[in-house]
Enquirer: 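Dropping a structure here in structure tokens format, bear with me for questions.
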Amino acid sequence: MSRESVSQKVADALRRRLRSQRALAREMRLPPSTPTNPPEPSDTPENYVPIASDTIAGVKAKLGLIDTCFPENATPAFEEIVCFPESYKRIGTKEKLVLLFAENFRRQYKERFPHRKPPILALPNECNVQKFVCTTLKPSIFLFPDMIGSWEDIASFVADYIVYEPLPDQVNMPTRLLSPSTVLKRRKANSFELATLLCSYLIGNGFAACVVSGYATREIVNNDQRRVCCPYVPSQEQEGTEKEVIEPSKYQLRDPPDLRSRYLLELEEEKLTKIKEEERKREEAHLREVEDLERPTEDNKRGHRVHAWVAVIMNAPWCYKPGYRETMIDSNTGERVLLPPSAFFIEPASGFRFEVDSPNYLGIESVWNQHNYYVNKQDPITDIKNMHWDFKNTKEWEHFLPGEPFELRDDCLVPEDQEPLTTEEELEKEKHLDLPASWVGPLSISMAEFEQRYPEGRKVIYFKRSIYERFAPYSNLLGLIKRLTLFETLHYENPTTRWEWYVNRDDSLTMIVYDYAKKEIEEMFAKGRSDSLKALKRSSEPNRECRLTFFHQYRFDSLKELVYHPTYVQEHYDRREDLLYYREFKNIPRDPITMEDCKLTQMTERYHRNPEKEAVRDIATRTCYVDENRILLQFHYGDDCITASTREFIKPPKSEMGEEVPYDPKCTSGYISNPWDPQPTHLELFLLLKDQMKAEEASSRAFYRRVVEIETLLRERKKQIDSPKLTFSLFDPLRNAEARRLRLEKYEQARAREELIKQQQADFLAPYLLRMDESNSNHEKLMAAYQSCKEDLRKFYSGLEDEMKVRLDELLSEENSLRRFLCKFQGHFEDEEYDKFIMEGENIELNKNVVQMRIENLRDEYQQKAQHLEKAIYEDERLSGSSP
């Protein structure tokens, strides 16, 4: 639209302003606002009562009136904030025109919908200056990778960063709408201000988001989550517990034949069915009774509580976000077209997503974005589930500005086969008033503010029978960032389970689970510990078993799980070279608390099948009875065998063993499953006994080492729990200030040392004095060092000059050879080849001249260096008074 047409419209609107004042006064039932002073006593009616300005402002806000006088505030002050940009304090020419259109739109709306509440078109900002709600949106983006492209993270951050304040009057429209920049500074906002901030960030990230003004339930308006089940309860997979799938064995006995009466079984089944049905009915009745008791009281203002939230439009024509534009093939034209627009809601106070059929939202009055303002005309307005979200349909949505945004202006689009509009009338038809640019300042958040996202570093949400707490990183010395506690009652009594999440811990702790019913505590760790500990599950009561899980891929012994009890120790392995997968120790501790001086009584080891050995020689289970001096072996099952071979040894007493192990055939017995297999010889049994005794001794040593390792680990864990330590990344700019200062100091010190070395005079005699014999006198040492220094300098330059002379001789030889070759075969070459040889000769001549110049330069440099050296040595204090 041209500037002249805008000015003309503004002038016409200003001329009509005086006439509109009387109409506004009649709506407010007030006397005309033309006289500035109260009427004279003679003209004042008997029942005339002056009305306070606050009352007038409240009535104006309740009716949604727009002040067409366009007052400005040159010196605003809001909650100790006095520095505001000019756009906050003043109203531009285009903004005035939009407000005039808005007042006209409000009157038409009142005439057409007399029983509906006035639309929210323009509200005072923090400077008490009315601004159109669409211009309050400021499309912005976060400069943090986590906040780019994810509406979940954006909504969660806004809900965490801003403290929600319910409207003082939840039935009438709000009396103000602060800018998103001010909301970020004060970190408090009502639903309309919070929805405006969230919508600004969503639009900046490419989402087709709109602010929705309507009605919601009491719980949503007050952000009351006490009747909502907590969505953050971790599942079993998130806790890290994995259930092992036990494969059924292929060696199973057949079930015996069922000789029971089928009639009796059917009768018994009917009885069980009746009992289960009665239990189910009792359980349902109990649940209904509990729900009736937990049901909140009825809300007398249901359907009248004003609220604002955000709607994200799917398949919107102006949205180009990947994944939010679904297309289909038109059956008539065969072209791919967009699906009908749909929507889902985001509650800005909690960051949760709700579908359009959610019972939490009861009605929609209007919707707006940065392009236009839309009034819901669908009947009834409370039927949100069946609403259509196609803003092109003017029968269902009333537009404040016609044809905006540009993607919705189908009447202005020119087909490709037609010429563009040329006449002034047609161009004038295409022109529409568009919204001015946003008057809000930039929405910026520093990295420190982004990290400390919760007010005062902590946020607590009360869900149904659960309390969810979140903490900012490094806000506490424990590294705790989240804590979720489940309770038995709605009054948060008798906790049952508690989860705690940790980050930046030096001991790699990630989560702790407290089970109050079982009195168990489970700790989970990330990769990176020296002991490769993955999880530690223990009981709060003494003398109970402790279960430790490891990252077996990173351990040398491939230990996967360890069960530790005062009377036994169980070890589970995975993928060991010796095929051991289970080992159990049974012991009798003298001190059950400290496990000191424990006595080993029994050891059991189990191995996987080794295909390289025969089944009769491949040990499956080894059981050592230490007290009884017995070793029991069970071998793997052979092919087509239903039993396994066994062997038992009775060890000789230690006093009789000495250095050699005596063997008595009577001290061993065994069973061979396959009768065709040969019986083992005495030599084989003797060697087998020696191997088993060595294995028993090695396992016994492993047991005592394991006890020491476990005790050491548990003591270290207690120290880490009592005095935890936090770590931070090397690339953390918020906590590396001290490290950066130290690095800069080291850099400055190194640079200062280099400058000092450059300024100091070189000591030519120092390397030579170190090599001199201390038996010589001081004068002799100095003279010898002086002669050695001059001789080394002469040799160095002589070597360089000799190299240059050798190169010069080579060039002379090449030049002579080329000259003789050309003289001999001059008539056999063409002109081009002859020119190449001439050019090669010129290059040789040039290189020869360069080498000669370098030889001369070396001689001159040697003379200068020798003179400088002689002068420096003569001026040396150590040679003062003596002449070389």
Side-chain angles (χ1 to χ4, degrees), residues 249-251 555-560 568-588 598-707:
S249 176
K250 61 181 180 179
Y251 302 105
R555 287 184 62 97
F556 292 107
D557 56 356
S558 299
L559 181 62
K560 182 178 181 181
Y568 61 85
V569 177
Q570 295 177 356
E571 299 175 349
H572 299 266
Y573 297 92
D574 185 66
R575 298 180 183 180
R576 279 177 62 112
E577 294 183 357
D578 57 358
L579 302 179
L580 176 67
Y581 69 90
Y582 176 79
R583 182 161 57 187
E584 181 181 5
F585 303 99
K586 293 183 179 180
N587 60 291
I588 302 175
C598 53
K599 181 181 179 182
L600 184 62
T601 60
Q602 182 180 337
M603 295 182 295
T604 303
E605 297 176 344
R606 296 174 185 173
Y607 297 86
H608 287 296
R609 178 75 171 90
N610 188 356
E612 298 179 358
K613 294 183 179 180
E614 297 180 4
V616 72
R617 291 179 174 82
D618 190 10
I619 299 176
T621 304
R622 178 193 296 118
T623 305
C624 301
Y625 300 93
V626 180
D627 291 344
E628 303 175 6
N629 286 334
R630 289 191 306 119
I631 300 176
L632 180 61
L633 302 178
Q634 180 180 347
F635 299 90
H636 282 280
Y637 287 86
D639 297 337
D640 301 329
C641 293
I642 61 175
T643 59
S645 301
T646 60
R647 174 64 58 180
E648 182 180 1
F649 293 100
I650 298 177
K651 299 187 300 179
K654 292 185 179 180
S655 60
E656 298 179 1
M657 289 175 59
E659 297 182 359
E660 297 293 336
V661 178
Y663 173 73
D664 187 358
K666 297 180 181 180
C667 295
T668 180
S669 61
Y671 162 72
I672 305 298
S673 61
N674 191 352
W676 288 275
D677 288 342
Q679 294 292 331
T681 63
H682 292 295
L683 178 60
E684 292 175 349
L685 293 176
F686 172 70
L687 295 177
L688 182 61
L689 175 60
K690 289 186 64 176
D691 293 341
Q692 302 313 310
M693 293 178 64
K694 291 180 181 178
E696 180 186 2
E697 185 179 357
S699 299
S700 178
R701 292 196 301 266
F703 166 72
Y704 291 105
R705 287 197 303 268
R706 186 70 71 195
V707 170

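Residue numbers start at 1 and run along the sequence shown. FYI, side chains are in, hydrogens and waters are out, and symmetry mates aren't considered; it's all heavy atoms of this structure. In this text, all values refer to a predicted model and were calculated from it rather than measured experimentally.
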Enquirer: Report the distance from atom CD of Gln634 to atom OG1 of Thr623, rounding to the nearest 0.5 Å.
Expert: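 The distance works out to 8.0 Å.
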Enquirer: Apply the salt bridge (Lys or Arg N to Asp or Glu O under 4.0 Å) test between Asp557 and each candidate in Arg706, Arg575, Arg583, Arg705; give the one that qualifies.
Expert: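 Going through the options one by one, the only one that passes is Arg706.
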Enquirer: Is it the case that the side chain of Ser700 and the backbone of Glu696 share a donor-acceptor pair, with hydrogens and angles ignored and the cut-off at 3.5 Å?
Expert: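 Checking the backbone N and O of Glu696 against the side chain of Ser700, no donor-acceptor pair under 3.5 Å is found.
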Enquirer: Are any side-chain N or O atoms of His636 and backbone N or O atoms of His608, one a donor and one an acceptor, separated by less than 3.5 Å?
Expert: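 Yes; at least one donor-acceptor contact below 3.5 Å.
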Enquirer: Between Met603 and Ser699, which heavy-atom pair has the shortest distance, and what is it?
Expert: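 Closest approach of Met603 to Ser699: SD-CB, 3.6 Å.
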Enquirer: Between Asn610 and Asp618 (side chain of the first, backbone of the second, donor and acceptor by atom type, cut-off under 3.5 Å), is there such a pair?
Expert: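 No, because the side chain of Asn610 does not come within donor-acceptor range (under 3.5 Å) of the backbone of Asp618.
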Enquirer: Starting at OG1 of Thr604, measure out to OH of Tyr582 and round the result to the nearest 0.5 Å.
Expert: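 Output value for this atom pair is 7.0 Å.
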Enquirer: Could you go step by step and tell me if Arg647 and Phe635 meet the side chain to side chain contact (heavy atoms under 4.5 Å, CB included) rule?
Expert: CA-CA 8 Å; Arg647 174 64 58 180; Phe635 299 90; 3.9 Å; yes
Enquirer: Are Tyr607 and Arg622 packed together at the side-chain level, in the sense that at least one heavy-atom pair is separated by less than 4.5 angstrom?
Expert: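 Tyr607 reaches Arg622 side chain to side chain.
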Enquirer: Quick check against the 3.5 Å criterion: does Thr601 have a side-chain atom that pairs as donor or acceptor with the backbone of Lys586?
Expert: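 Looks like yes, one N/O pair under 3.5 Å.
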Enquirer: Compare every heavy atom of Val626 with every heavy atom of Gln602, then report the nearest pair and how far apart it is.
Expert: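 What the structure gives for the nearest pair is N-CG2, 4.3 Å.
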Enquirer: Taking all non-hydrogen atoms of both residues, which atom of Leu632 and which atom of Tyr625 are closest, and how far apart?
Expert: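 Minimum heavy-atom separation between Leu632 and Tyr625: CB-CE1, 4.3 Å.
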Enquirer: Atom CG of Leu685 and atom SG of Cys667: how far apart are they, to the nearest 0.5 Å?
Expert: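 One finds 12.0 Å between CG of Leu685 and SG of Cys667.
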Enquirer: His572 and Leu559: which non-hydrogen atoms are nearest, and at how many Å?
Expert: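 Heavy-atom minimum between the residues: O-CD1, 3.5 Å.
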Enquirer: Distance from Tyr581 atom OH to Lys560 atom NZ, nearest 0.5 Å?
Expert: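 Tyr581 atom OH to Lys560 atom NZ measures 13.0 Å (nearest 0.5 Å).
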Enquirer: Just so I know, are the side chains of Leu633 and Leu688 near enough to count as touching, which here means a heavy-atom distance under 4.5 Å?
Expert: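 With C-beta onward as the side chain, the pair touches.
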Enquirer: Return the minimal non-hydrogen interatomic distance between Tyr637 and Ala615, and the atom names on each side.
Expert: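 Minimum heavy-atom separation between Tyr637 and Ala615: O-CB, 3.8 Å.
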Enquirer: Return the SG to CD distance between Cys624 and Gln692, rounded to the nearest 0.5 Å.
Expert: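 Those atoms lie 7.5 Å apart.
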Enquirer: Sub-3.5 Å donor-acceptor pair from the side chain of Ser645 to the main-chain atoms of Ser673, do we have one?
Expert: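 Indeed, once roles are kept as given, a pair shorter than 3.5 Å links the two residues.
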Enquirer: So, do Thr646 and Tyr671 sit near enough that their side-chain heavy atoms are less than 4.5 Å apart?
Expert: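 Yes, at least one pair of side-chain atoms sits under 4.5 Å.
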Enquirer: Under a 4.5 Å cut-off applied to non-hydrogen side-chain atoms, are Glu605 and Ile619 in contact?
Expert: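 No, too far: nothing below the 4.5 Å cut-off.
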Enquirer: For a side-chain contact (heavy atoms from CB on, under 4.5 Å) with Arg576, tell me which candidate from Leu579, Leu580, Asp574 qualifies.
Expert: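 Per the side-chain contact (heavy atoms from CB on, under 4.5 Å) rule, the option paired with Arg576 is Leu580, out of Leu579, Leu580, Asp574.
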Enquirer: Side-chain contact test, heavy atoms from C-beta onward, threshold under 4.5 Å: evaluate it for Asn587 versus Lys599 and give yes or no.
Expert: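 The answer is no; the side chains never approach within 4.5 Å.
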Enquirer: Under a plain distance cut-off of 3.5 Å, with no hydrogens placed, do Gln570 and Tyr568 share a side-chain donor-acceptor pair?
Expert: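 Tyr568 vs Gln570: no donor-acceptor pair found between side chains.
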